[in-house]
Amino acid sequence: MCWSATADLVAGTAIGAVGAVCVARARRVRDLPLAALPLLLGAHQITEAVLWHGGGGSGPATLVWAVIALPVLPLYVPFAVAAGTWPPQGPGGVLRLAVPLAAGAVTAAVLAHRLAGTTVTAEIHGRTVGYAVGLPAPAAVLAGYLLATVGALLLSGDRTLRLLGAVTGAGAVVCALLWRTAFVSTWCALAAVASLLILRWVGRRPGPGARFASGPGSRKAGDDSDRRAAPEP
């Protein structure tokens with residue numbers, strides 16, 4: 001979320017544009033889910049711009065915002081990370097990806113069930129928007145949500161995605177503190193930074209017919225983002 005309808009609209013449009021570039025630059029089908037994440041984040045921001053103009057409440061924009069933020073993201077992010085980094089490198093690679101995937105599936109199921117049985121309302125407080133959902137066991141749900149989203153990035157085994165996870169985790173803390181003080185919401189700035197890092201990740205992915213160079217000067221195979229693609233003979 002941003003601090004005004006205009007900020008949400010501008011940020012959402014810019015983030016969506018970055019997402020379109022990411023998708024266009026993706027060279028492998030399995031990279032598309034993560035490349036398309038900025039498109040989803042941009043749509044989320046634009047949805048909230050509509051919500052701002054409507055003065056909050058419990059209309060369609062509020063429901064769409066809640067569906068994307070709550071059940072969709074914890075399910076989508078670990079799936080996109082797993083697809084983009086498959087096959088996992090290093091010891092315990094499959095288990096490392098399975099943990100956030102399982103956390104995301106359980107968290108998304110709980111949140112979807114909650115949304116199906118309640119009416120989400122949004123209330124504008126100065127430069128922030130508050131959402132009333134009434135989550136069961138909020139601490140456990142939050143832990144599962146963070147493990148699925150931030151955890152998937154940190155456990156990905158890819159240097160750029162680990163950086164994205166660190167930035168997202170730290171940024172989420174800052175955004176939450178600013179929101180709790182009712183000062184201003186800066187989640188749109190965090191989404192913008194995340195989108196640029198995804199653009200960087202897409203640009204460093206090998207093509208579908210590439211194989212990785214090996215030899216004394218090549219990097220260890222554990223970090224997929226730092227490999228250099230060599231053309232097939």
Side-chain angles (χ1 to χ4, degrees), residues 1-23 34-77 80 104 107-108 110-136 138 141-142 145-146 148-150 164 167-199:
M1 64 178 75
C2 278
W3 53 89
S4 70
T6 301
D8 260 319
L9 182 60
V10 171
T13 303
I15 293 167
V18 172
V21 174
C22 289
V23 170
L34 194 53
L37 180 58
L39 289 175
L40 182 61
L41 297 178
H44 199 222
Q45 299 290 159
I46 293 172
T47 299
E48 192 173 65
V50 175
L51 191 154
W52 275 98
H53 277 297
S58 57
T62 302
L63 180 59
V64 171
W65 189 97
V67 168
I68 295 175
L70 299 178
V72 170
L73 283 177
L75 191 63
Y76 186 94
V77 172
T107 303
V110 171
L111 293 173
H113 181 266
R114 183 60 183 173
L115 287 181
T118 190
T119 299
V120 183
T121 58
E123 187 174 351
I124 297 174
H125 305 279
R127 294 187 179 274
T128 64
V129 180
Y131 296 89
V133 181
L135 296 177
V141 172
L142 178 60
Y145 193 102
L146 293 177
T149 52
V150 177
L164 176 57
V167 169
T168 302
V173 171
V174 173
C175 290
L177 290 175
L178 289 174
W179 184 86
R180 280 186 173 275
T181 60
F183 175 60
V184 67
S185 175
T186 54
W187 184 257
C188 53
L190 178 59
V193 173
S195 298
L196 292 176
L197 286 172
I198 292 173
L199 179 61

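At least one donor-acceptor pair closer than 3.5 Å links the side chain of Thr149 to the backbone N or O of Tyr145. Listed for the Thr62 side chain is a donor-acceptor partner under 3.5 Å among the backbone atoms of Gly57.
Residue Ala108 comes nearest to Pro71 through the heavy atom pair CB-O, 3.3 Å, listed as atom of the first residue, atom of the second, then distance. Minimum heavy-atom separation, Ala61 to Val50: CB-CG1, 4.0 Å. The two residues Ile15 and Gly42 have their closest heavy-atom pair at CG2-N, 3.7 Å. Minimum heavy-atom separation, Leu190 to Ala172: CD2-N, 3.7 Å. Taking each heavy atom of Ile68 and Val72 in turn, the nearest pair found is O-CB, 3.5 Å. Residues Glu48 and Asp8 come closest through the heavy atom pair OE1-OD2, 2.7 Å.
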Practice task
Given side chain to side chain contact (heavy atoms under 4.5 Å, CB included), test Val167 with Leu197 step by step and report yes or no.
Solution key: CA-CA 10 Å; Val167 169; Leu197 286 172; 4.3 Å; yes
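Shown here are the side chain to side chain contact (heavy atoms under 4.5 Å, CB included) partners of Ala14, two or more places apart in sequence or in another chain: there are none. Applying the side chain to side chain contact (heavy atoms under 4.5 Å, CB included) rule to Leu63 yields the partners Val67; only residues at least two apart in sequence or on another chain are considered. When the side chain to side chain contact (heavy atoms under 4.5 Å, CB included) test is applied to Ser4, the partners found at least two apart in sequence or on another chain are Thr6, Ala7. The side chain to side chain contact (heavy atoms under 4.5 Å, CB included) test applied to Val141 returns Thr107, Val110, Leu111, Leu135, not counting sequence neighbours.
Distance check, rounded to the nearest 0.5 Å: CG of Leu37 to SG of Cys22 gives 9.0 Å.
Checked options Leu70, Val120, Thr47; the residue passing with Trp65 is Thr47 (criterion: side-chain contact (heavy atoms from CB on, under 4.5 Å)). For the side-chain contact (heavy atoms from CB on, under 4.5 Å) criterion with Thr168, the lone passing option out of Val150, Val193, Val173 is Val150.
In this structure the side chain of Val64 never reaches within 4.5 angstrom of the side chain of Leu51, judged on heavy atoms.
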